[in-house]
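Remember, it's a predicted structure, so these values are computed and weren't measured experimentally. Throughout, a chain's letter reflects where its sequence line sits, starting with A, and its residues are numbered from 1.
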Amino acid sequence: MKILTTVKKVVDVELNMHVKDGAIVEDGLQYVINAWDENAVETSVRLKENNGAETTLVSIGGGDCTDMIRRCYAMGIENGIHIDDPALTKADSSIYAKVLQKVYEKGDYDLIITGKQSQDTDSGQTGIILAEYLGLPCVSNVIDLEVTDDQHIKVSRSGDAGTEIIELALPAVIAVDVSINEPRLPQMRGIMMAKRKKIKTMDLAALGTSSDEIGAAAPKSEIAEFMASESRKSGQKFEGDAAEITAQVVALLANEAKVI
Amino acid sequence: MAKVLVIADIKQGMLKGGTAELLSKAKAIGAETAVAAIGSNIESLTPDLVNAGSDTQYIADDPGLELFSAGPYASCVVDAAKQFGANLIWFAFSENGKAVAPRVAAQLDAACATEITDVILEGDQIEVIRPAITNKVMQRVKINTEQLVAVVRAGAFEAAEGITGTENVVKLSIPAADLKAVIKEILTDASGEIDLADADVVISVGRGAKDQAGVDLVKELADDLSAGFGSSRAMVDGGFMAHNKQVGQTGKIVAPTLYMAIGISGAIQHLAGMTGSKVILAVNKDPESPIFNVADYGIVGDLFEVVPILREEIKKIRS
Ligand SMILES: Cc1cc2nc3c(=O)[nH]c(=O)nc-3n(C[C@H](O)[C@H](O)[C@H](O)COP(=O)(O)OP(=O)(O)OC[C@H]3O[C@@H](n4cnc5c(N)ncnc54)[C@H](O)[C@@H]3O)c2cc1C
């Protein structure tokens with residue numbers, strides 16, 4: 001089985017963030033692998049280990065991605081492609097999906113694994129749109145996976161009605177949730193080996209396409225500005241005798257907030 | 001004039017409140033409204049669809065559509081959108097909406113935006129507001145296509161009083177099943193539980209509850225209040241709660257009148273799912289816990305001691 005895994009370098013959400021003049025202040029930000037993509041990498045590596053698979057990752061944009069890709073190598077990914085092109089600075093989900101379509105078409109993959117969403121946008125669209133462009137079956141919000149035979153996988157999707165068990169015919173696209181597994185920490189040996197591995201960096205031309213074909217200059221949507229999010233104010237905090245303060249708070253819920 | 005197609009949010013044969021909220025917003029911006037309802041045995045929902053504020057009802061009703069399947073559902077929505085000439089296609093927040101919206105957008109070659117909290121129309125220009133980066137910032141997004149497919153964040157729009165529509169049912173043709181993605185089974189968690197999405201009160205349990213006994217203790221409080229019973233990720237990963245009960249960035253977004261966080265620390269990923277609640281009560285034994293930064297009322301204490309007292313006091317005040 002040949003697996004293509006998508007990974008994106010994104011801002012670390014745990015750090016403080018400020019908005020000024022419609023933009024996020026760059027100072028003090030750090031960039032990391034998107035959390036959901038780390039689970040996608042772990043999913044691929046487990047498939048390699050348990051079922052035998054060839055694993056390739058692709059990352060688009062993000063500037064220098066060497067450290068991130070090496071980390072994925074150290075986790076067990078075998079091949080890495082970095083698509084970097086100045087034409088992609090305005091890329092939205094559809095444009096990412098168009099680029100990934102080109103990558104897929106060059107590689108003859110059986111399974112594409114994406115993270116369910118990317119923590120810089122929280123959009124959750126790219127994998128699904130990619131599947132539409134490719135005409136492949138797709139399941140998102142995947143929390144479990146099992147290979148049934150050469151041509152099928154069985155996945156669990158956390159849906160509105162409960163956990164759905166879905167059989168997918170390969171080739172297929174899945175978008176995984178963080179609950180699917182616990183990504184491993186790279187080990188020293190893997191880290192050392194990763195340093196010697198090559199990363200294939202390509203621009204759109206090397207990928208056999210162009211800005212025009214991808215529609216890179218005309219995204220379907222673009223961020224006009226960032227704004228500070230409204231933060232909630234902290235209210236009243238009660239400490240002391242549990243019986244007393246709990247009674248006090250219940251009275252407030254009833255009489256002040258009028259919610260019970 | 002804007003034409004808004006709202007995808008009816010139907011769960012267990014019932015029309016959920018989100019549908020009326022979206023249709024109310026559509027009417028408020030002066031749009032023509034239609035609804036697309038997809039499922040099995042849903043004919044009887046027609047009056048509800050009209051009362052929710054739709055002026056045309058596109059209905060795909062077939063036993064083959066009983067179980068959710070993103071492919072056929074998307075085909076129905078695309079069909080309805082084309083027939084209606086919709087330029088705005090809105091889903092209420094749900095896992096199914098999040099799975100179908102990008103497909104519809106790809107098929108219509110339209111823009112897609114998820115988690116929107118507002119939409120701004122100026123002439124033909126569409127813009128949306130949405131949170132991003134785990135709710136750390138908001139974005140104003142300019143839409144460059146004539147059509148926008150969007151998933152609306154829970155609690156973003158309010159249902160207007162006295163809204164109504166007109167009955168004009170159009171039957172949609174039934175798409176073929178997706179033979180490449182076949183649903184084998186749905187494992188439902190304890191049936192009859194209250195849906196988090198439209199519960200007036202949601203009570204969530206966190207790692208502070210430790211084990212099954214702790215979870216059961218908090219659940220009793222939820223049962224007393226007929227509240228939706230949710231969870232932090234820690235308790236889902238611990239195997240105590242079902243994945244679809246998780247509140248937060250990668251789970252359910254809720255905006256109830258009252259949200260209680262019991263033994264939850266208030267990680268940003270959890271806050272991303274519940275800070276839209278009207279009133280928040282937190283119970284945590286750590287006075288420095290970040291959950292208190294967003295709570296209107298905070299009780300610093302051991303939940304094993306506080307929860308039974310909460311139940312008693314609530315019973316008292318209600319009688
Ligand atoms: C990509 C990503 C997505 C995520 N998505 C989500 C999400 O959707 N939802 C979500 O919830 N999390 C999510 N998380 C996880 C999140 O970061 C936290 O790890 C999680 O919310 C912690 O759960 P918790 O508050 O129950 O546990 P903890 O952080 O361990 O907090 C337990 C709390 O209980 C208190 N406590 C302990 N004992 C008692 C007692 N006896 N009485 C009272 N209080 C007590 C402690 O003081 C503490 O504050 C995500 C993480 C990542 C990386």
Measuring heavy-atom distances to chain A, does [X] have an atom under 4.5 Å in its side chain, in its backbone, in both, or in neither?
X        : value
B:Lys316 : neither
B:Asp195 : neither
B:Asp237 : side chain
B:Ala113 : backbone
B:Leu281 : side chain
B:Glu185 : both
B:Ile317 : side chain
B:Ala110 : backbone
B:Ala99  : both

Heavy-atom side-chain proximity of [X] to [Y] below 4.5 angstrom:
X        : Y        : result
B:Leu310 : A:Val250 : yes
A:Met227 : B:Ile129 : yes
B:Ile280 : A:Arg232 : yes
A:Asn141 : B:His243 : yes

Looking at every heavy atom in both [X] and [Y], which two are closest together, and how far apart are they?
X        : Y        : value
A:Ala161 : B:Ile186 : O-CG2, 3.9 Å
A:Ile128 : B:Lys98  : CD1-O, 3.7 Å
A:Glu132 : B:Ala106 : CB-CB, 3.6 Å
A:Ser221 : B:Ile143 : CB-CD1, 3.9 Å
B:Glu305 : A:Ala242 : OE2-CB, 3.4 Å
B:Ile299 : A:Val249 : CG1-CG2, 3.7 Å

Give the member of B:Thr145, B:Val306, B:Val294 that has the highest number of heavy-atom pairs under 4.5 Å with chain A.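 That would be B:Val294.
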* Considering only heavy atoms and a distance below 4.5 Å, find which of B:Gln107, B:Lys184, B:Lys136 pairs most often with chain A. =>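 The answer is B:Lys136.
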side-chain hydrogen bond (donor to acceptor under 3.5 Å, both in side chains), that's the test. Do A:Glu14 and B:Gln269 meet it? Break it down for me.
CA-CA 10 Å; A:Glu14 299 293 343; B:Gln269 293 90 354; 3.0 Å; yes
Rounded distance [0.5 Å steps], [atom1] in [X] versus [atom2] in [Y]:
X        : Y        : atom1 : atom2 : answer
B:Leu187 : A:Ile165 : CG    : CD1   : 4.5 Å
B:Met260 : A:Ile260 : CE    : CD1   : 6.5 Å
B:Asn96  : A:Glu164 : CG    : CD    : 6.5 Å
A:Asp160 : B:Phe93  : CG    : CZ    : 8.5 Å
B:Gln246 : A:Ile143 : CD    : CD1   : 9.5 Å
A:Lys116 : B:Glu95  : NZ    : CD    : 5.0 Å

Select one option (side chain, backbone, both, neither) describing which atoms of [X] are under 4.5 Å from chain B's heavy atoms.
X        : result
A:Ala243 : both
A:Gln236 : both
A:Leu15  : backbone

With no hydrogens and no angle check, is any side-chain donor or acceptor of [X] less than 3.5 Å from a backbone partner on [Y]?
X        : Y        : result
A:Gln125 : B:Cys112 : yes
B:Asn293 : A:Ser234 : no
A:Lys237 : B:Val300 : no

Dump the intermediate steps for side-chain hydrogen bond (donor to acceptor under 3.5 Å, both in side chains) on A:Asp177 and B:Thr250, then the final yes or no. CA-CA 7 Å; A:Asp177 182 46; B:Thr250 189; 2.3 Å; yes
